[in-house]
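To start, the structure itself, in structure tokens.
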Amino acid sequence: MRRPRGEPGSRAPRPTEGAICAGPGESWSPSPNSMLRVLLSAQASSARLSGLLLLPPVQPYCLGPSKWGDRPPGGGSHVGPVQGLQRLLEQARSPGELLRWLGQNPTKVHAHHYLVALRRLGQLLGSQPRPPPVEQATLQDLSQLIIRNCPSFDIHTIHVCLHLAVLLGFPSDGPLVRALEQERRCRLHSKPPPSPQPVLHGGQRLEAALSCPRFLRHPQQHLIRSLAEARPEELTPQVMVLLAQHLARHRLREPQLLEAIAHFLVVQEAQLNSKVVQKLVLPFGRLNYLPLEEQFMPCLERILAREAGVAPLATVNILMSLCQLRCLPFRALRFVFSPGFINHISGTPHALIMRRYLSLLDTAVELELPGYRGPRLPRRQQVPIFPQPLITDRARCKYSHKDIVAEGLRQLLGEEKYRQDLTVPPGYCTDFLLCVSSSGAVLPVRTQDPFLPYPPRSCPHATQDPAQRVVLTLRERWHFCRDGRVLLGSRALRERHLGLMGYQLLPLPFEELESQRGLPQLKSYLRQKLQALGLRWGPEGG
């Protein structure tokens with residue numbers, strides 16, 4: 001007999017803060033932050049944690065070709081019971097209906113139907129603002145059905161069933177989870193642990209969470225922060241690399257996690273090679289964060305000295321991160337600028353990108369390291385550093401303020417008095433560049449050399465050119481670390497080097513640009529910014 005559905009518009013009883021699943025006879029409905037509550041709960045079992053973190057990504061369409069055979073085209077007249085059940089599962093309108101199809105058709109259920117059901121269940125629970133409650137009795141029927149059939153499942157389906165059981169709140173010490181765990185251990189040919197309850201340590205949970213595709217697409221900053229409490233001995237290089245990549249990719253400048261990575265690097269120095277170290281160091285440069293760990297730089301210098309000749313690209317990548325932090329070690333610079341190292345990389349697949357990185361390092365030496373007395377990159381080997389706008393700017397061009405700022409400058413100054421996207425030596429792309437006379441008049445760019453000499457002259461007053469170069473720099477939202485006011489390392493490096501070369505910078509922060517309503521307000525804003533620097537234009541400006 002089919003069980004009656006709830007009344008239209010009825011809600012499931014709201015669980016208490018510590019509740020994970022409903023009791024007998026009650027309904028259970030997940031809340032948006034139920035995963036976080038489970039992770040933070042001291043009473044949450046490790047099996048439930050592993051299931052929530054390893055939940056596979058929800059696919060919006062059917063499974064497609066698989067080892068069980070291709071799904072026949074929709075609308076065909078020859079749809080067998082197996083394909084018919086799969087279609088019913090894919091079209092289920094509620095979790096209760098989905099689970100009833102599995103429980104009421106035991107002879108038609110094949111192993112892969114549980115994978116279809118899990119993905120459809122994820123769609124239902126994730127797409128509705130108030131998912132319908134799941135009937136507890138249906139879960140019990142499903143439990144018995146899976147237990148009877150799990151000996152015929154392959155290892156992939158067993159994992160899927162574990163995920164489903166954990167998501168729906170089956171107890172970790174109950175018959176379903178125990179039966180699936182036993183089958184999983186048998187398939188992996190591993191010895192069962194002394195305790196029937198599987199144990200997932202903090203590091204394993206972190207690795208599972210960070211490697212889950214669904215988690216990578218939707219970063220959860222609070223979840224990451226909650227997992228920072230794992231003990232150092234539980235962490236592995238793979239875990240820390242995943243964490244470092246996640247922080248760098250999503251611009252998360254979390255001091256607690258960054259310090260944990262720095263401490264791990266120092267403690268595990270002897271076991272880490274430069275290919276792993278380059279990934280661990282990446283977020284420090286990108287997020288413009290110099291750790292408080294006192295042995296961070298001495299440790300990196302020892303690793304560079306030990307591994308510089310083993311992995312050239314990894315060595316240069318580490319130096320690029322340190323360049324953004326203004327912490328370049330002289331010994332490593334002497335090595336990468338040596339003729340032997342440069343000749344060695346010339347014939348490698350990474351020759352061009354490494355020459356670009358070495359050119360940037362040479363620029364940093366020129367502008368920021370006056371005490372360096374070692375070899376430098378030969379002029380014939382130097383290439384423009386960033387000859388085009390950065391990839392992130394090109395990818396987000398439709399969200400950028402550059403076009404409206406360009407129109408504002410055109411109406412305010414005239415097209416002949418500014419240059420857009422001009423690359424200045426040694427290869428930095430500027431947003432907008434103005435040439436200004438000593439009296440503050442904005443000059444037509446075509447009448448002036450827009451470039452300042454590079455390398456900079458030791459005595460600027462010796463030049464015959466009294467004109468200043470003013471660079472208007474857009475500071476878009478994605479130029480900063482997330483939820484912070486710290487410029488990303490690459491942006492801070494660019495502005496720092498332009499300033500050291502003699503360009504006067506005029507930043508245009510995104511908060512100010514976003515507050516301008518329409519072109520007239522923007523023109524007024526730009527006028528105030530330029531006049532604050534003492535600039536003049538138009539008939540009174542010459």
Side-chain angles (χ1 to χ4, degrees), residues 265 269 272-282 284-286 288 290 296-388 390 423-429 451-458 489-490 492-502:
L265 193 150
E269 173 189 345
L272 302 177
N273 58 50
S274 56
K275 292 184 178 181
V276 173
V277 172
Q278 67 175 339
K279 299 175 183 178
L280 295 177
V281 177
L282 173 65
F284 296 99
R286 174 166 170 73
N288 201 6
L290 183 62
F296 179 75
M297 280 306 303
C299 171
L300 287 178
E301 292 184 23
R302 290 190 295 269
I303 293 175
L304 286 170
R306 183 185 74 214
E307 301 253 340
V310 179
L313 181 59
T315 299
V316 175
N317 283 335
I318 295 173
L319 290 176
M320 285 288 291
S321 295
L322 296 181
C323 179
Q324 296 174 7
L325 296 175
R326 288 181 278 186
C327 295
L328 287 171
F330 285 10
R331 182 177 177 181
L333 289 174
R334 294 188 185 97
F335 180 84
V336 298
F337 287 144
S338 65
F341 184 86
I342 295 174
N343 292 335
H344 173 68
I345 67 172
S346 297
T348 64
H350 309 292
L352 179 59
I353 187 64
M354 291 189 68
R355 285 175 62 191
R356 183 164 293 165
Y357 289 171
L358 290 177
S359 299
L360 176 57
L361 293 175
D362 188 82
T363 301
V365 170
E366 176 68 37
L367 299 176
E368 300 184 295
L369 298 178
Y372 177 78
R373 295 294 181 267
R376 297 277 296 277
L377 185 67
R379 292 291 178 187
R380 66 180 183 276
Q381 297 283 352
Q382 295 182 10
V383 297
I385 303 171
F386 301 116
Q388 298 176 345
L390 296 180
T423 300
V424 301
Y428 282 113
C429 185
F451 305 123
L452 289 176
Y454 179 83
R457 299 191 178 115
S458 56
S490 59
L493 177 69
R494 171 178 172 266
E495 294 191 7
R496 191 167 71 241
H497 282 185
L498 286 172
L500 291 171
M501 287 187 289

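As the structure is a prediction and not an experimental result, all values here were calculated from the model.
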Any heavy-atom pair between the side chains of [Y] and [X] that's under 4.5 Å?
{"X": "Arg355", "Y": "Gln382", "answer": "no"}
{"X": "Thr363", "Y": "Pro455", "answer": "no"}
{"X": "Leu265", "Y": "Phe284", "answer": "no"}
{"X": "Lys275", "Y": "Gln278", "answer": "yes"}
{"X": "Leu360", "Y": "Leu493", "answer": "yes"}
{"X": "Leu304", "Y": "Val277", "answer": "no"}
{"X": "Leu358", "Y": "Ile345", "answer": "yes"}
{"X": "Pro456", "Y": "Leu500", "answer": "no"}

How far apart are the C-alpha atoms of Tyr454 and His497, what are their side-chain angles, what is the distance that settles it, and do they pass the side-chain contact (heavy atoms from CB on, under 4.5 Å) test?
CA-CA 11 Å; Tyr454 179 83; His497 282 185; over 6 Å; no

Give the minimum heavy-atom separation between [X] and [Y], together with the two atoms involved.
{"X": "Ala492", "Y": "Asn288", "answer": "CB-ND2, 3.8 Å"}
{"X": "Met501", "Y": "Leu452", "answer": "O-CD1, 3.5 Å"}
{"X": "Gln381", "Y": "Leu377", "answer": "CB-CD1, 3.8 Å"}
{"X": "Phe451", "Y": "Pro425", "answer": "CD2-CD, 3.5 Å"}

Can you tell me if [X] uses its side chain to pair, donor with acceptor, with the backbone of [Y] under 3.5 Å?
{"X": "Ser359", "Y": "Pro384", "result": "no"}
{"X": "Arg356", "Y": "Ala351", "result": "no"}
{"X": "Ser346", "Y": "Ile342", "result": "yes"}
{"X": "Thr423", "Y": "Cys429", "result": "no"}

Please list, chain by chain and in numerical order, all residues satisfying side chain to side chain contact (heavy atoms under 4.5 Å, CB included) with Arg373, sequence neighbours excluded.
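So Arg373 forms no side chain to side chain contact (heavy atoms under 4.5 Å, CB included) with any residue.
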
Can you list the residues that meet the side chain to side chain contact (heavy atoms under 4.5 Å, CB included) rule with Arg376, with sequence neighbours excluded?
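Testing Arg376 for side chain to side chain contact (heavy atoms under 4.5 Å, CB included), a comparison that skips the adjacent residues, returns Asp362, Val365, Glu366, Tyr372.
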
With rounding to the nearest 0.5 Å, note down the distance linking OH in Tyr428 to CD in Glu495.
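Nearest 0.5 Å value for the OH-CD distance: 11.0 Å.
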
Nearest-0.5 Å distance, CG of residue Leu280 to OG of residue Ser274:
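So the CG of Leu280 and the OG of Ser274 are separated by 11.5 Å.
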
Output side-chain donor-acceptor pairs under 3.5 Å for residues 319-337, partner residues at least two apart or in another chain, one line each.
{"from": "Gln324", "atom 1": "OE1", "to": "Arg286", "atom 2": "N", "distance (Å)": "3.2"}

Evaluate the side-chain contact (heavy atoms from CB on, under 4.5 Å) criterion for residues Ile318 and Leu282: first the C-alpha distance (whole Å), next the side-chain angles of each, then the deciding distance (0.1 Å), finally the verdict.
CA-CA 7 Å; Ile318 295 173; Leu282 173 65; over 6 Å; no

